[in-house]
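What follows is one structure encoded as structure tokens, with my remarks underneath.
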Amino acid sequence: MLKGKKIVLGITGSIAAYKSCLIIRQLIKKGAEVQVVITPAGKEFITPITLSALTSKPVISEFFSQRDGTWHSHVDLGLWADAMLIAPATASTIGKMANGIADNMLITIYLSMKAPVFVAPAMDLDMYAHPSTQQNLKTLQSYGNHIIEPGTGFLASKLEGKGRMEEPENIVAALERFFAQQESLKGKKVLITAGPTYEKIDPVRFIGNYSSGKMGFALAEECAARGAEVALVCGPVSATMQAKHPNIQRIDVESAREMYEECLRLYPSMDSAILCAAVADFTPCDVASQKIKRTGDEMILHLKPNPDIAASLGQLKKESQTLVGFALETNDEETNAQSKLKKKNFDFIVLNSLRDAGAGFQTETNKITIITADDKTEFPLKSKPEVAVDIINQMEAVMR
Ligand code: PMT
């Protein structure tokens, strides 16, 4: 997984700096190319000569090369790297990263970095537990950086490690896991539906629902991050919902009928589909061409059923394809989800209930149960991107 990967290794002023030699050795043994960037304090703990001997590359430390005054381009390194690993990362460097204090070469490279960044904190327990350090680590996480949790070697979701830098083999394993996951859907095509549908009543009114698209967009980002090409068919979500990964092709639709047509067109060329959209089951029989006026009388709206996208794809599904559905329930959750699983020919269904606080529409979090024909797994309340990881892990497990 690390073969041919280009890693910028940032080393800062901690006693754990000597362990970076072991990190370099393992990265190189696994086929990676390593460029070391060291802070002035880092050089107090380990010499650039040792590091350049191990990497077969000059170590970068100053803005200018001391010998000929050549300017080191932090922008070039930001584009060159497949990952940046800062190990050990002191409280001071973490603070500078969180606040953009670019007073050394390492931080300028960090600020220009286009690749994912991994941080292995190294400090004593009190420094690690200090609210300032914890806040800075949370800030780095909010920037999308990955904290390698001391004492576990896993990428931290909650920060509860013990401060001492994680062992080199576990740091390298965390990188390997990350790259493995990134490529696990390479060459696969995934169709995802997201958001609500709007069913027009007249030029100014519609029947809709509360779906924000957050769950569906999180699934799209997760699939794309694992290397899949994603077709994201989404209903009218707010302008703030943006697909970030370049592998996501977004197709905007408004009504259930439009979503149905796009899905039917796309599904034959897909390896998998995840139907996360909240699709209106009914649509007005007639759409008024002008705004309906108030008359003082009751108004009766006649509705007809919309096509069931999931059931149609379930019928079209080939042996090689996977189909994943959602069930949004308010009562008799499991029974209803089980029945949708069978009726729509899903490989598994993701149940979320509006009875669970923090689950379902609009929220940043969700609480799901994954139900297959003969099994069910309940998950705790998590952020929607984390829920997406659980769902895509399950999808990979059942993909043919
Ligand atoms: O968008 P968010 O605010 O983040 O909220 C996420 C969510 C709550 C919308 C999402 O987690 C969710 O539960 N989506 C499915 C909502 C829904 O319509 O569930 P359902 O039980 O009514 O439908 C069952 C399945 O059939 C779903 O996969 C649905 O996409 C699909 N369906 C339903 C009707 C229809 N006409 N066509 C369909 O494909």
Side-chain angles (χ1 to χ4, degrees), residues 185 187-201 206-209 211-224 228-237 241 243 245 247-287 303-328 336-337 339-351 372-373 388 391-392 394-396 398-400:
L185 287 176
K188 301 285 182 199
K189 289 183 171 184
V190 183
L191 167 67
I192 295 173
T193 65
T197 61
Y198 285 180
E199 308 301 317
K200 261 198 167 85
I201 298 171
F206 58 83
I207 299 172
N209 61 65
S211 173
S212 63
K214 285 177 192 163
M215 191 66 249
F217 274 61
L219 288 162
E221 295 293 344
E222 184 58 29
C223 287
E229 270 178 60
V230 179
L232 175 62
V233 179
C234 65
V237 291
M241 295 301 301
H245 200 289
N247 284 6
I248 302 173
Q249 190 208 353
R250 174 172 168 171
I251 300 141
D252 287 288
V253 295
E254 184 172 304
S255 64
R257 167 65 59 180
E258 286 169 12
M259 189 174 273
Y260 169 78
E261 278 162 13
E262 285 299 329
C263 289
L264 246 60
R265 180 178 70 80
L266 291 162
Y267 191 53
S269 62
M270 297 286 145
D271 296 288
S272 186
I274 310 173
L275 305 176
C276 182
V279 186
D281 280 313
F282 297 94
T283 193
C285 292
D286 298 301
V287 181
L303 304 176
K304 59 182 180 190
N306 264 329
D308 187 329
I309 303 167
S312 306
L313 300 192
Q315 276 174 10
L316 285 176
K317 189 170 83 168
K318 289 182 288 211
E319 193 57 28
S320 59
Q321 289 178 308
T322 307
L323 188 61
V324 178
F326 270 74
L328 178 63
N336 291 335
S339 125
K340 286 177 187 171
L341 174 75
K342 282 198 203 87
K343 228 163 72 193
K344 304 194 188 212
N345 196 17
F346 290 141
D347 291 273
F348 67 91
I349 193 160
V350 180
L351 165 64
T372 62
I391 295 170
I392 304 307
Q394 174 70 20
M395 184 184 85
E396 282 191 10
V398 301
M399 266 174 99
R400 292 161 264 258

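All values derive from a computational prediction rather than experimental measurement. Just so you know, these numbers use all the heavy atoms, side chains as well, and skip hydrogens, waters and symmetry mates. The chain is numbered in sequence order, starting from 1.
Checking side-chain atoms of R400 against main-chain N and O of E319 turns up a donor-acceptor pair under 3.5 Å. For the pair E199 (side chain) and A256 (backbone), a donor-acceptor distance under 3.5 Å is present. With hydrogens and angles disregarded, no donor-acceptor distance shorter than 3.5 Å links the side chain of E254 to the backbone of P236. Within the 3.5 Å criterion, the main-chain N or O of N306 finds no donor-acceptor partner in the side chain of T283.
When each of T322, V324, L323, T372 is paired with V398, the side chain to side chain contact (heavy atoms under 4.5 Å, CB included) condition holds for T322 and for no other.
In this structure, CG on D286 lies 12.0 Å from CD1 on I201, to the nearest 0.5 angstrom. In this structure, the separation between OG1 on T197 and CG on D281 is 8.5 Å, given to the nearest 0.5 Å. Rounding to the nearest 0.5 angstrom, the gap separating the CG atom in L191 from the CD1 atom in I251 is 7.5 Å.
For the pair M395 and C223, the tightest heavy-atom approach, listed with the atom from each and the gap, is CE-SG, 4.3 Å. Of all the heavy atoms in P196 and V237, the pair that sits closest is CD-CG1, 4.0 Å. The two atoms that bring M215 and A388 nearest to each other are CE-N, 3.9 Å, heavy atoms only. The nearest pair of heavy atoms linking A194 to G213 is CB-O, 4.4 Å. F217 approaches A243 most closely through the heavy-atom pair CE2-N, 3.8 Å. Closest approach of C263 to L313, counting heavy atoms only: O-CD2, 4.0 Å.
A salt bridge links K317 to D347: at least one charged side-chain nitrogen sits closer than 4.0 Å to a carboxylate oxygen.
Taking a 6.0 Å sphere around CD of E229, one finds it holds 12 or fewer heavy atoms contributed by other residues, nucleotides or ligands.
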